[in-house]
Trainee: 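Sending over a structure as structure tokens; questions will come in a sec.
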Amino acid sequence: MTFKPTDFLREIQRSPDYNGQIAHVEVIPAKKASYGELEKPLPKPLQEYLERWGIRLYSHQARAINEARRGRNVIITTPTASGKTLCFNLPVLERIYNDPDATALYLYPLKALTNDQLKVLRQMEQETGINLNANVYDGDTPSSLRPRIRRESNIILSNPYGIHLYLPWHFKWKRFFSNLAFIVLDEVHTYRGVFGSNVAMLMRRLLRICEHYGSDPQIILSSATIANPEELSSKLTGKEFVVISEDGAARGRRYFVFWNPPLIGRGVRGSPHQETKNLLAKHVANGIQTLCFTISRKMAELVARWTREVTPELSDRITAYRAGYLPSERREIERRLREKQLLGVASTSALELGIDIGSLDAVIISGYPGTIISTWQQAGRAGRGTEDALVTLVAFENPLDQYFMKHPDKFFGKPHEHAIIDLENPYITLGHLMCAAAELPLKDSDAKYFSPTKNGERDSETFQQALKKLEKNGIIRKTPRGYIYTGPRRPVETVSLNSISDEQVKIVCEGEILEVIDRNRAFSEAHRGAIFLHQGETYFVEELDQDNGIARVRKEDVDYYTEAAETADIEILKEYEGKRLNGFEVRVGEVMVTKWYTKYFVKKYDEVLDMEPLDLPPIEFDTTALWFTIPDSTVKRVKEENLDFEGGIHAVEHAMIAMTPYFAMCDRWDIGGVSTSDHPDTGKPTIFIYDGYRGGIGISEKSYQLFQELAGNTLELIESCECEDGCPSCIYSPKCGNNNEPLDKRAAIIILRTLLKKHSEKKEKQTLTKTGKKQHPIGRDKCHTLL
Amino acid sequence: MRFDRAVKGLRKLLGQKREYEILDEAAEQQGAGYLSGWVLSSCYSRVMRLKDRLLREYEGVSLEEAIPGEVVSSEVGECYLISSECGSEFCVPSKGAREAILSNLKFLYGIGEKTEAELKKRGYRTIVDLTRHPKWRKAAREFLRLLDMNDCKRLQEVMWRWIPKSHPLSFRLAGLKRDEEFAIIDIETMGLFHRPIILLGVARPHGERLRVNQYLVRDVSEENAALKAFTEELEGCGAIVSFNGSSFDVPFVEQRLNYYGLGTLTDKVHFDLLHFVRRVWRGRIPNCSLPTVEESVLGLRRRDEVPGVLVPEFYREYLETGNVGPLVAIINHNRQDVTSLAHLFSKLSEALGYDL
């Protein structure tokens, strides 16, 4: 029985409890496959392997292989399930077939993925007879097996954390590195922010060591669709890449529904969790095998439970899925899915599912997962082969969720998300320079790896400066052979890939270290009484020992969460660049931020249950920020309308912070803001948006670059919100230390309109009306015709 | 400037924890292991006082005045060689070594306990006898060849397939070498791997005397020259003796040789005394660290001693101030180390019941 999404949706709309929740239906048409030709045939065993499995190479696969054969570095950004794995496995296997000494390194951000890929490679090895001796080499690999793997494997699969620790012992890897032909990185869009910037430095250390052993490996990157693949690939490795983004794979038709809980008051919407469980129940009752993605593990379990309550006769066909299950439990669920015994599965991230879960008929995404990429990755689980598929995104009362509901074109249009990597944060780069000095003496010629390129020119001055500073502090010493590491601790132990080399706090549970985080983060997420999230599990923080950098936690299953409220002060240290936009002065540069956490909220779903005070010292850190000043004329205009100017800039600050992740692939917790009607450094009303990480992580620079678009989207967000005076979906911030006061929605609109030179004559085009009546850009009627 | 703040932050992070722990007296009873890097707080205070005293004593004194030695030059650079001599307690348990090894038939691949017992019953008492045996003659001849060539490295590998590294027979292998072939080594470094080696000590038995050569790195830029000179001296010997050298000294030297692109240490048969010390004295002495073994077994108590874990700090002090006082302590410590090892070697022979 084939699944017909249109019939199902019609039924939903006809049912008595339907309340207009469908905000938009995007019909993504089916696509025929577009095949490609290889410039030269593959070696016989590989050709036969493809023929045996009935695989014909898609255009993007053929192109990737052709380019790889030409010795180019390639980044493939086609969607999930487009066969990206063959794009790198075929060139690698071909090379090993032609040169049995050649080696390849595959890096994954998650362990589960390494194991999946190992299975694939071993299967290919068996079927083609090409000897790969592929092995995983990571923290779980027993030390007795390691020498043999280093000595004999052609393909080694690992992760950045491991390589970081193994590089100082590179002489044990001499054979492997001397023959390294390919480095493959998968899920490359995860290498962004702090983690990505650290991995970018790690890649340079790795390539430097390859050069030492005389190899020059090609790099193949596989990524989800991002707006800046050239930038990401270049920043991640320092090399030039060919971008392959045209997807040749066949696709079934997909119906992507935007589902917004109905308005139940002025600007207040119903519970998205109710919507989710009812939707899942309807899917399951109609025999539609559905995956439901939730924002937390707890939520996944709750959704499963509630859905069972709605459809008790189907209780045993609904379950929650956690990565923490034993392998046997996972296999059981996978089997029950395959045999159609299970109809509804609730889970968190798509990656946790591994490849054995496969695809189902429909996907429900409860709450926008934070990036468009993750949304598509989850959506990608819907649809078997070329069958019709149904994806439903249920919106929460968050700015971005609501923004997409009202502006679906902003979701479905061209990619806007930039993966951000910062190669100039000395808090990150210096740590890796230290590591590099311990791997091989650091020479002037190493500037080619470690100096950033400014306007196409290598800035080796910064590199020299860095070396001198490190030397002055006794961390390295200059010798005729180069700079040698002489620090008091092993460098790789001091540098953590997940944080900025800063004061660190260990999260300890029953004597074991769960995680190591930055001190800043510890204040906001691991203060006494906080609920700390680690790999989807909740822990109660018993104590934060600041002196020793330890947060003691205990495992506790709770259904509430905590959010610390912060206030901040900011001082301008240096301006990098500036521009003027309709009388507003916009800048990007270095600032010194002082943050206070004075209280925290205890919340359940979005409701505040309690508030507790916090007694923590202020945190001071230097970082990068974007700021802009508001001209007097605008201040006047706002006051003339009897609106609250302070409330206006405060609202703009919150809304802009909420919109930044749309462009910069971070979340609103990675950035912070300060707005003041009179800043001592500018002498004018100013709004600051700063990177929440010491030294900055590149978000401010990107926001400055795209400032006009950012401001434009922010205005759209506020204007199209149906609330009267502001709500969590537009200008409220969950971490506002001022209790979200003062906030003035109309003032904010005036400020932004002036900034973007949108005059009042254009008022009739506003979608907001004073009575708060909702108006969707694509109304119900439109949906009807689509169906 | 961002850099300054960043470097300061790094410095702070590096200094946040030492590579060793300062423990109170009670902890010693738990027998903290050799490499866990600990020092008792009473010892720590004493050593810091020693450091201050040395800094005062050696203020303005040059290296050559404080520690006579000579500069060694090569194409990779210079280093400073300190030579000394003392009486030797080193003696190799040669008597009966060859016979003891040959009487263990299990060294041949395929012969287990049962087979050995049977063969011995049938009159094949030594591997030499087995050269007449149709099945085992090939393996026996190969083994004898190694023995005759004195290829102790290969013999050790073969033996370690069947016996633990701490087995007395493994020690007995030393009996096949002459006293002069041995090199007793110990290194001092700036930390646990990934940092420069600052002193490489080699003691060579010579008749009744022990000749000690210590290659000192006066400045970090001399490390490669010191490594080169050290490895060249080792070329000329046939066996190495160390204390925990198989986990520390040898891999460390290898890592640093590789760091400078200076090749590798040629494989020599290596007698790591820690293995044997554990076998003989574990449980009978508080722990198996070299200072404890020295005291309990050799009856030696060092004066003005800087413990190994504090050597990096002493060297850093010398690098930063130019005052050679801390260096003196390090060099004395290292010299005493290799001398004690020579003595310990003979004590082990005794304890394992061999005639010297």
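Residue numbers begin at 1 in each chain, while the letters A, B, ... track the order of the sequences.
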Trainee: Looking at chain A, which one of Leu319(B), Asp219(B), Asn224(B) has the largest number of heavy-atom pairs inside 4.5 Å, strictly under?
Mentor: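 If we count pairs closer than 4.5 Å to chain A, Leu319(B) comes out on top.
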Trainee: Under 4.5 Å heavy-atom distance to chain B, tell me which part of Arg481(A) shows up: side chain, backbone, both or neither.
Mentor: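 Only the side chain of Arg481(A) comes within 4.5 Å of chain B.
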Trainee: At a 4.5 Å cut-off on heavy atoms, which part of Ile475(A) comes close to chain B: side chain, backbone, both, or neither?
Mentor: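 Side chain only.
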Trainee: Phe248(B) and Phe193(B): aromatic ring centres closer than 6.0 Å?
Mentor: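 Between Phe193(B) and Phe248(B), which both carry aromatic rings, the centre distance is below 6.0 Å.
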Trainee: Tell me, side chain or backbone of Glu493(A) under 4.5 Å from chain B's heavy atoms, or both, or neither?
Mentor: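 Neither part, no heavy atoms under 4.5 Å.
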Trainee: I'd like to know which of Ser221(B), Pro251(B), Pro312(B) tops the heavy-atom pair count under 4.5 Å against chain A.
Mentor: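 Top option by heavy-atom pairs under 4.5 Å: Ser221(B).
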Trainee: Let's test your reading of the structure: which of Pro168(A), Gly482(A), Pro441(A) forms the most heavy-atom pairs below 4.5 Å with chain B?
Mentor: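 The option with the most such pairs is Pro441(A).
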Trainee: Would a line drawn from the ring center of Phe450(A) to the ring center of His432(A) be shorter than 6.0 Å?
Mentor: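 Between Phe450(A) and His432(A), the centre distance exceeds or equals 6.0 Å.
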Trainee: Could you tell me which portion of Asn473(A) (side chain, backbone, both or neither) has an atom closer than 4.5 angstrom to a non-hydrogen atom of chain B?
Mentor: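 Contact with chain B involves both backbone and side-chain atoms of Asn473(A).
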Trainee: Between Phe621(A) and chain B, with a heavy-atom cut-off of 4.5 Å, which part of the residue counts as in contact: side chain, backbone, both or neither?
Mentor: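 Neither part.
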Trainee: Would you mind checking which part of Thr624(A) comes under 4.5 Å of any heavy atom in chain B, side chain (CB onward), backbone (N, CA, C, O), both or neither?
Mentor: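 Only the side chain of Thr624(A) comes within 4.5 Å of chain B.
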Trainee: Judged by atom type as modelled, is there a donor-acceptor pair below 3.5 Å linking the side chain of Arg175(A) to the main-chain atoms of Arg151(A)?
Mentor: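 Pair found, side chain donor or acceptor close to backbone of Arg151(A).
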Trainee: Spell out, as yes or no, whether a donor-acceptor pair under 3.5 Å connects the side chain of Ser247(B) to the backbone of Asn244(B).
Mentor: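 Side chain of Ser247(B) to backbone of Asn244(B): no pair is present.
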Trainee: Are Arg204(A) and Tyr449(A) in a cation-pi contact, defined as NZ or CZ under 6.0 Å from the six-membered ring centre and within 45° of the axis?
Mentor: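 Checked: cation-pi criterion not met.
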Trainee: Can you label the angle between the Phe171(A) ring and the Trp169(A) ring as parallel, tilted or perpendicular, going by 30° and 60°?
Mentor: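 Geometry flag for Trp169(A) against Phe171(A): tilted rings.
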Trainee: Sub-3.5 Å donor-acceptor pair from the side chain of Gln214(B) to the main-chain atoms of Leu199(B), do we have one?
Mentor: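 Not at all, since once roles are kept as given, no pair shorter than 3.5 Å links the two residues.
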